[in-house]
Amino acid sequence: MEHIFINIGLILIGLLCVFINLFGLGGNTILLIMAWIYGYVYEFQYMGFNVLLWLSGIYLLGEIWGIASGYLGIKKENISYTKVAIIGFGSFVGGIVATPLLPIVGSLLGAALGAFLCAFAVEIATNRSARSAWHLACVAAWMQVVCVLGKVLICVIMLIIFAMNLKW
């Protein structure tokens, strides 16, 4: 009977991991660590090495997704590494500023808006073209949304696999 309460608690923590991914925090990392600890505590009887390796692989795909969709998605616009860094910084600051203003979705919207504003400003300052600035800003904002939603999806998949391998 105690396993049921422990498992419900672990699943609730897993749902919290999905939620905190919206803030750009390490929900996938927490879920993976939790799975490895669960496997260790139960001597890998229920959460075996093969499941943990699958979870680790899915986790790595999520991390690669985050880098590829954010960095390479904006880099394909043939901009300098400096511009990419400035846009990344704008995304980070936007997420931090908007999170307390709009709980739950503020981080995602703030990161997208921060990336948008920085991309627009940098492109206007360097090329003086409103059209190219608008295009780059839209791409930067969209890449932030794609990055976060992809990581949330990966976390949901990890949580399902985790929950299916708990001792019930």
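Note: Cys155 SG to Phe19 CZ = 12.5 Å, rounded to the nearest 0.5 Å. The SG atom of Cys17 lies 11.0 Å from the CG atom of Leu12; values are rounded to the nearest 0.5 Å. Note: Leu159 CG to Leu55 CG = 10.0 Å, rounded to the nearest 0.5 Å.
Considering only heavy atoms from C-beta on, Val18 stays 4.5 Å or farther from Leu31 through its side chain. Side-chain contact between Asn21 and Val148 is absent, with no heavy-atom pair separated by less than 4.5 Å. With contacts defined as side-chain heavy-atom distances shorter than 4.5 Å, the pair Phe162/Leu10 qualifies. Using a 4.5 Å cut-off on side-chain heavy atoms (C-beta onward), Ile11 and Leu166 make contact.
Residue pairs that meet the salt bridge (charged side-chain N to carboxylate O under 4.0 Å, His left out) test with at least one member in residues 6-22, sequence neighbours left out, do not exist here. Residue pairs meeting the side chain to side chain donor-acceptor pair (under 3.5 Å) criterion with at least one partner in residues 146-166, sequence neighbours excluded, are Glu63-Lys151. Screening residues 116-125 for side chain to side chain donor-acceptor pair (under 3.5 Å) gives Lys83-Glu123, Glu123-Asn127, Glu123-Ser132 as the qualifying pairs, with residues at least two apart or on separate chains. Listed by first and then second residue, the salt bridge (charged side-chain N to carboxylate O under 4.0 Å, His left out) pairs involving residues 108-118 amount to none (not counting sequence neighbours).
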Validation: residues 41-53 side-chain donor-acceptor distances under 3.5 Å, sequence neighbours left out:
unit_1, atom_1, unit_2, atom_2, d
Tyr42, OH, His3, ND1, 3.3
Tyr46, OH, Lys167, NZ, 3.4

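Hydrophobic clustering of Ile, Leu, Val, Met, Phe, Trp and Tyr side chains at less than 4.5 Å, counting indirect connections, unites Tyr40 with Ile37. Leu32 and Met34 end up in the same hydrophobic cluster when Ile, Leu, Val, Met, Phe, Trp and Tyr side chains are linked at under 4.5 Å. No continuous path of hydrophobic side-chain contacts links Ile86 to Val97 [ILVMFWY only; heavy atoms under 4.5 Å].
Cluster partners of Leu61, using a side-chain heavy-atom cutoff of under 4.5 Å among ILVMFWY residues and allowing indirect links: none. Annotation for Ile64: hydrophobic cluster partners, listed by chain and number, are none (ILVMFWY side-chain heavy atoms under 4.5 Å, direct or chained). Residue Leu113 is found in a hydrophobic cluster whose other members, listed by chain and number, are Phe116, Leu117, Phe120, Ile124, Trp134; membership requires side-chain heavy atoms under 4.5 Å apart, directly or through intermediates.
Considering only residues two or more places apart in sequence or on other chains, Tyr38 meets the side-chain hydrogen bond (donor to acceptor under 3.5 Å, both in side chains) condition with none of them. Annotation: side-chain contact (heavy atoms from CB on, under 4.5 Å) contacts of Val146 (sequence neighbours excluded): Trp65, Ser69, Trp142. Taking Ala111 as the reference, Ser91, Gln144 meet the side-chain contact (heavy atoms from CB on, under 4.5 Å) condition, with sequence neighbours excluded. Applying the side-chain contact (heavy atoms from CB on, under 4.5 Å) rule to Ile157 yields the partners Ile58, Leu153, Ile161; only residues at least two apart in sequence or on another chain are considered.
The two residues Ile74 and Met143 make their nearest non-hydrogen contact at N-CG, 4.1 Å. Here the closest non-hydrogen pair linking Ala141 and Ala112 is CB-O, 3.5 Å. Looking at every heavy atom in both residues, Cys118 comes nearest to Gly90 through SG-CA, 3.4 Å. Pairing each heavy atom of Gly62 with each of Ile154, the nearest pair is CA-CG1, 3.8 Å. Closest of all the heavy-atom pairs between Ala119 and Ala137 is CB-CA, 3.6 Å.
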| Run the side chain to side chain contact (heavy atoms under 4.5 Å, CB included) check on Ile20 and Ile30 step by step: do they pass? | CA-CA 10 Å; Ile20 67 172; Ile30 294 168; 3.6 Å; yes
